[in-house]
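Computed from a predicted model, the values in this text were never measured in an experiment.
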Number of protein chains: 4
Amino acid sequence: MSYASEMLAAVASADRFGTGELAAVIEGCATAAQACTTCADACLAEDDLAGLRLCNALCHTCADVSETTMRTLSRPAHSDHLVLHRMLQACVRSCFACAEECGRHAQHHRHCELCARACRMCLQACTDLLESEAFEELRKLAGG
Amino acid sequence: MSYASEMLAAVASADRFGTGELAAVIEGCATAAQACTTCADACLAEDDLAGLRLCNALCHTCADVSETTMRTLSRPAHSDHLVLHRMLQACVRSCFACAEECGRHAQHHRHCELCARACRMCLQACTDLLESEAFEELRKLAGG
Amino acid sequence: MSYASEMLAAVASADRFGTGELAAVIEGCATAAQACTTCADACLAEDDLAGLRLCNALCHTCADVSETTMRTLSRPAHSDHLVLHRMLQACVRSCFACAEECGRHAQHHRHCELCARACRMCLQACTDLLESEAFEELRKLAGG
Amino acid sequence: MSYASEMLAAVASADRFGTGELAAVIEGCATAAQACTTCADACLAEDDLAGLRLCNALCHTCADVSETTMRTLSRPAHSDHLVLHRMLQACVRSCFACAEECGRHAQHHRHCELCARACRMCLQACTDLLESEAFEELRKLAGG
């Protein structure tokens, strides 16, 4: 069991999400945030930096969005459900954009390959949570 | 002219948003983030802390979401339009939730009154940008 | 091998620190940041909240300091050695203060027990890095 | 009076620092964090990007360190004095390194000129607070 899972298991209020699904997003976000930060820094050291401008910028925004999503989900006791929902949607899009761009450089740069993979795992975890029972009511309201 | 306006005026890529509108959101987010951080800390020192639990928690999330929105908008050269859009929507909701809850305590605590006001100003600036020409295409796609 | 280790192994510039020691701090910081954020939120839901004011506040600052330390260390290619050194020192102190205070409530609250343990692990990893060869020159300059 | 000053004036616990000096650092940090974020993004769009690698990286770290310093100081009610002290020292160094590097490009890039100025103002405000009465005891302990 991961440390985030242990923390959430110690907090009754995390139950409404399913502790496992919640921990998966939190860990996915933390891993993506770290990978994006190191990938952006590594891009700066590459000879083909000129071709990595967008990659660098998207990595920084993805690190910020992932970290804030992680923090928002790490406060299960008192949160606003719509804020969680919108942050998860922002994180899905941010991870998608970053994974697509890093994916373009994955064959040339191992850090881009790893970063793209971390973003895709985070994107999947966020999507799973968005499609879980926890957000069923919001989906119905949106006619989705 | 504010410092953020000066910075943005030095960056051609900020043009597509209207530098003034962009700077207004950036300043609104920075002010809200600081106000929320101090309000949360001040709540902890109050005698009626038990009634300020939700206020404290929403302040922390609002500080995080505002800061990430500020950072995302401060990168106009290379950004993903949909990420900006979703972060602005998350920020609108987060500021709304925090302003409503702080507003409930505004008569008793000056820090709550000031924090609610900062959140409402930030919410308004985000809404103005979301309704500006910069996001017209996204609104059409959404049938809005 | 953790994801952070894999990322750092893909970046030659991380070598001067010892990838293993660097990854240990990065993971320690990420775990502490998450634990602190959840512990702070869980404190807000406790009956004895009045006795957890300091705990809550120190958790929030420790989450911020740990995250910034994690980010600073995740940029090995272009960093200022003194900034790393001072951030590590800030993180050591922040984790110490938070672990001491959470430790006082560890018998009553499982989240405080887990948070204190995460902070102590982070503190140890930071201390190990500060005492490693990477900072030998700075220690000599300080007469340490 | 700035918004941060108003917030701090509403919180009795901010008194021990001198509300004015505290607000100056908070505003200096917020301005530097925004300037650094936009400067880093603007660097990515420049033709001479290859010469701006270090500038870009230092800007990102300075944005993170400034923001965490701002948050730490925005919690005057319950803080650890040594954490404040070390964060201020990290911020001084980070702003110094960033201002030096941005200063090298100030003649060619207006965003670097503005960013260097914001970092120097933040550095000065941090130094003033470090030299104020609030930290007198720590200076004596250090034999300074």
Could you tell me which of B:E101, B:Q89, B:R93 has the largest number of non-hydrogen atom pairs under 4.5 Å with chain A?
B:R93
Looking at B:D47, I want to see if its CG is surrounded by more than 12 non-hydrogen atoms of other residues, nucleotides or ligands under 6.0 Å.
no
At a heavy-atom distance under 4.5 Å, which candidate from A:T72, A:V65, A:L84 has the highest pair count against chain B?
A:V65
Side chain, backbone, both or neither: which part of A:H85 has a non-hydrogen atom closer than 4.5 Å to chain B?
neither
Distance in Å, B:H60 NE2 paired with A:H78 NE2, rounded so as to fall on 0.5 Å steps:
12.0 Å
Got B:R75 and A:D64 here, is their nearest side-chain heavy-atom distance under 4.5 Å?
yes
In this structure, are over 12 heavy atoms from other groups packed under 6.0 Å from A:F96 atom CZ?
no
Taking atom OG of B:S94 and atom CG of A:L82, what is their separation to the nearest 0.5 Å?
11.0 Å
In this structure, are over 12 heavy atoms from other groups packed under 6.0 Å from A:H81 atom NE2?
yes
Going by heavy atoms in the side chains, are A:D80 and B:T61 under 4.5 Å from each other?
no
Should A:M87 and B:R86 count as side-chain neighbours, where that means a heavy-atom distance under 4.5 Å?
no
